[in-house]
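Quick notes on the structure that follows.
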Amino acid sequence: MSTLTFQGAVKEVTGSRYLIELDGNGRSHKLLLECGLHQGGSEADEANARPFGALAGELEAVVLSHGHLDHSGLLPKLVREGYRGPIHCTRGTRDLLEIMLQDAAFIMAKDVEWENKWRRRNDKPLVEPLYALEDVAQTLSLCESHPFGQPVSLPGGASLVFRDAGHILGSAIVELGLPSGGQTKRLVFSGDLGNPSSVLMKDPEKLYDADLVLMESTYGNRDHRPLEETLEEFASVLEQAHAAGGNVLIPAFAVGRTQEILYHLSVLYHEGRLRQQMVFLDSPMAIKVTELYHRARKSLDPEDLKVLNIAASGDTRQYLPILRMTRTVEESMAINRIHGGAIIIAGAGMCNGGRIIHHFRYNLERPDTRLVIVGFQAAGTVGRQIVDGAERIRVLGRDLAVKARVHTIGGFSAHAGQTQLLGWAGAFRDRPRFYLVHGEPGAQQALQAALARSGIEAEIPAYGDRIEL
């Protein structure tokens, strides 16, 4: 029998990884579904540092749902340790990987440089990054991209089809045909399912046939607010910030969320409702991704783009004329001379690094500042501390009092909420087995109970659990 082993994103949101061992063609074949980075705290760092061991040389193929680092961020480490097979993904994912993995390698190099300075002073052993830019280059050379709906042959007699997940550019639901015990079993992995209410992406595809379903459960315990209410709250926060005279800080999730926020700011601008006259996108990676979305706009939702094209008379340069993209450190530092009237979108999205923490130094202790949280904050991150009500945080070696007014606006989520997850799961015929992944325990248990009320039994696997296909 063929088997699947849960190696990550179980009872947690990040670190996606599932090992598939096939009994096809008279010998064993190993495939890896996802190869994600663990995010949030020292335990995550330890998990990321663990060697792949013999697996790097035994794998025959890797399949990737999308480009977010919690799904893809350990690929260059796998390659560094010896993997040389294909990495199957969509074209949008391949293009995003080039941006995101290079950025991750650059940040790791800087972090290790600082760490080793301290270690040298204290006669401690030096450390190495998980991977370097040359590992990223080799990883990208192994990527094989495929359009949605195209069947792909995999080793061991397996097959692959990508379906549109509607989450970020290139994001896919993974449909695998896997030989097991003389039959072909159909495994469907949801990847990250999109929120049909969010802009720019098309709605997630529904699938109807599967023997086994791995389903994400990030927001399995709640629904998002309706988009109309969310937009009104967002506009109100911006109006309050203008009246108070302070700046607006928005921690940037470089892929997807930043582009969605820029879209809504553009609409507000053309409606005459954006009082601020300076919008800064202060994240080199988010800038590159935004430019990629612009080049790939034929794959985005045409109805959403039509709204901006009408408002801007077809001139894409007029979508948001007050937007300034600050690529250099000097341009970023210059923003700190602005004490009010600016919207500053800066990385990282969970406030665990990047330029946003430099803006914290100049804005977080000001009561007239508005900090707008527009994305999920994983346990152990600075962003989660703030959302949970921390009165003080520590960044860049110093304590800061959180005097800014904090607004958590969850309706912008690019993830499906509970009702949407239930609807997606309910489309499957003939009662496949469900396993809930990519969720914190409370969210998973709530979704498990809601599925049970709908007549769908779902299990919550633990790390290392192995199941027969």
Q.
What verdict does the ring pair (Phe, Tyr, Trp, His ring centres under 6.0 Å) test give for Tyr219 and His224, after you've listed the backbone C-alpha separation in whole Å, the side-chain angles of each residue and the deciding distance to 0.1 Å?
A. CA-CA 8 Å; Tyr219 288 97; His224 307 302; 4.6 Å; yes
Q. What residues, two or more places apart in sequence or in another chain, satisfy salt bridge (Lys or Arg N to Asp or Glu O under 4.0 Å) together with Arg361?
A. none
If I compare all heavy atoms of [X] with all of [Y], which pair ends up nearest, and what's the gap?
X	Y	result
Pro251	Ala348	CB-O, 3.7 Å
His88	Phe162	O-CZ, 3.6 Å
Leu101	Ser72	CD2-O, 3.9 Å

Atom [atom1] of [X] with >12 non-hydrogen neighbours under 6.0 angstrom:
X	atom1	answer
Glu229	CD	yes
Arg225	CZ	yes
Gln150	CD	yes
Arg405	CZ	no

Taking [X] as the fixed residue, which of [options] is the one that meets the side chain to side chain contact (heavy atoms under 4.5 Å, CB included) rule?
X	options	result
Ile345	Val248, Asp282, Leu262, Ile356	Leu262
Val63	Leu31, Ile87, Leu32, Leu160	Leu160
Arg370	Asn363, Val237, Leu238	Val237

Would you say [X] and [Y] make side-chain contact, with heavy atoms under 4.5 Å?
X	Y	answer
Glu98	Arg94	yes
Arg84	Gln138	yes
Asp135	Lys77	no
Met350	Phe253	yes
Thr3	Ile20	no
Tyr269	Leu323	no
His242	Gln276	yes
Pro129	Val112	yes

Looking at [X] and [Y], would you say the former's side chain and the latter's main chain have a donor-acceptor pair under 3.5 Å?
X	Y	answer
Thr258	Val255	no
Ser190	Asp192	no
Asp223	Gln418	yes

Q) Is the closest basic N to carboxylate O distance between Arg80 and Glu128 below 4.0 Å? A) yes
Q. Is Glu440 paired with Lys11 through a side-chain N to carboxylate O contact shorter than 4.0 Å?
A. no
Q | Tyr263 and Ser198: CA distance, side-chain angles, deciding distance, side chain to side chain contact (heavy atoms under 4.5 Å, CB included) verdict | A | CA-CA 11 Å; Tyr263 178 92; Ser198 62; over 6 Å; no
Q | Geometric class of the His167/His68 ring pair [parallel <30°, tilted 30-60°, perpendicular >60°] | A | perpendicular
Q: Return the orientation label for the His71 and His438 ring planes: parallel under 30°, perpendicular over 60°, tilted otherwise.
A: parallel
What residues, two or more places apart in sequence or in another chain, satisfy side chain to side chain contact (heavy atoms under 4.5 Å, CB included) together with [X]?
X	result
Met278	Phe280, Ile338, Ala342
Ser217	Leu436, Gln444, Leu447
Glu46	none
Tyr362	Asn336

Are [X] and [Y] close enough that a side-chain donor and a side-chain acceptor fall under 3.5 Å?
X	Y	result
Asp465	Tyr435	no
His339	Asn247	no
Thr218	Glu216	yes
Ser65	Glu34	yes
Ser236	Gln240	yes
Gln420	Asn195	yes

Q: Given salt bridge (Lys or Arg N to Asp or Glu O under 4.0 Å), test Glu21 with Arg466 step by step and report yes or no.
A: CA-CA 10 Å; Glu21 297 175 86; Arg466 193 170 187 233; 3.3 Å; yes
(Q) Evaluate Arg297 against His294 for side-chain hydrogen bond (donor to acceptor under 3.5 Å, both in side chains), listing each step before the verdict. (A) CA-CA 5 Å; Arg297 58 190 180 278; His294 180 74; 3.3 Å; yes
Q. Does the side chain to side chain contact (heavy atoms under 4.5 Å, CB included) test come out yes or no for Ile261 and Phe412, once each step is laid out?
A. CA-CA 8 Å; Ile261 293 298; Phe412 285 130; 3.7 Å; yes
(Q) One pair to check against side-chain hydrogen bond (donor to acceptor under 3.5 Å, both in side chains): Gln259 and Thr290. What are the steps and the verdict? (A) CA-CA 6 Å; Gln259 292 72 42; Thr290 300; 2.9 Å; yes
Q) Ring centroid separation for Tyr463 and Phe6, is it under 6.0 angstrom? A) no
Q | Partner set under ring-ring contact (aromatic ring centres under 6.0 Å, His included) for His270, not counting sequence neighbours | A | none
Q: Kindly indicate, with the supporting measurements, whether the criterion salt bridge (Lys or Arg N to Asp or Glu O under 4.0 Å) is fulfilled by Glu115 and Arg119.
A: CA-CA 6 Å; Glu115 172 79 4; Arg119 287 177 171 269; 2.9 Å; yes
Q.
Could you go through Val374 and Val372, starting from their C-alpha distance and side-chain angles, then the distance that decides it, and tell me whether this counts as side chain to side chain contact (heavy atoms under 4.5 Å, CB included)?
A. CA-CA 6 Å; Val374 294; Val372 183; 3.8 Å; yes
Q: Verify salt bridge (Lys or Arg N to Asp or Glu O under 4.0 Å) between Arg394 and Asp399, making sure each step is shown before the conclusion.
A: CA-CA 4 Å; Arg394 187 167 182 81; Asp399 287 325; 3.4 Å; yes
Q.
Checking Glu175 against Arg163 for the salt bridge (Lys or Arg N to Asp or Glu O under 4.0 Å) test, could you report, in this order, the C-alpha distance in whole Å, the side-chain angles of both residues, the deciding distance, and whether it holds?
A. CA-CA 7 Å; Glu175 186 178 1; Arg163 309 289 184 185; 3.0 Å; yes
Q | Criterion side chain to side chain contact (heavy atoms under 4.5 Å, CB included) on Cys143 and Leu97, from CA distance to verdict | A | CA-CA 9 Å; Cys143 288; Leu97 286 178; 4.0 Å; yes
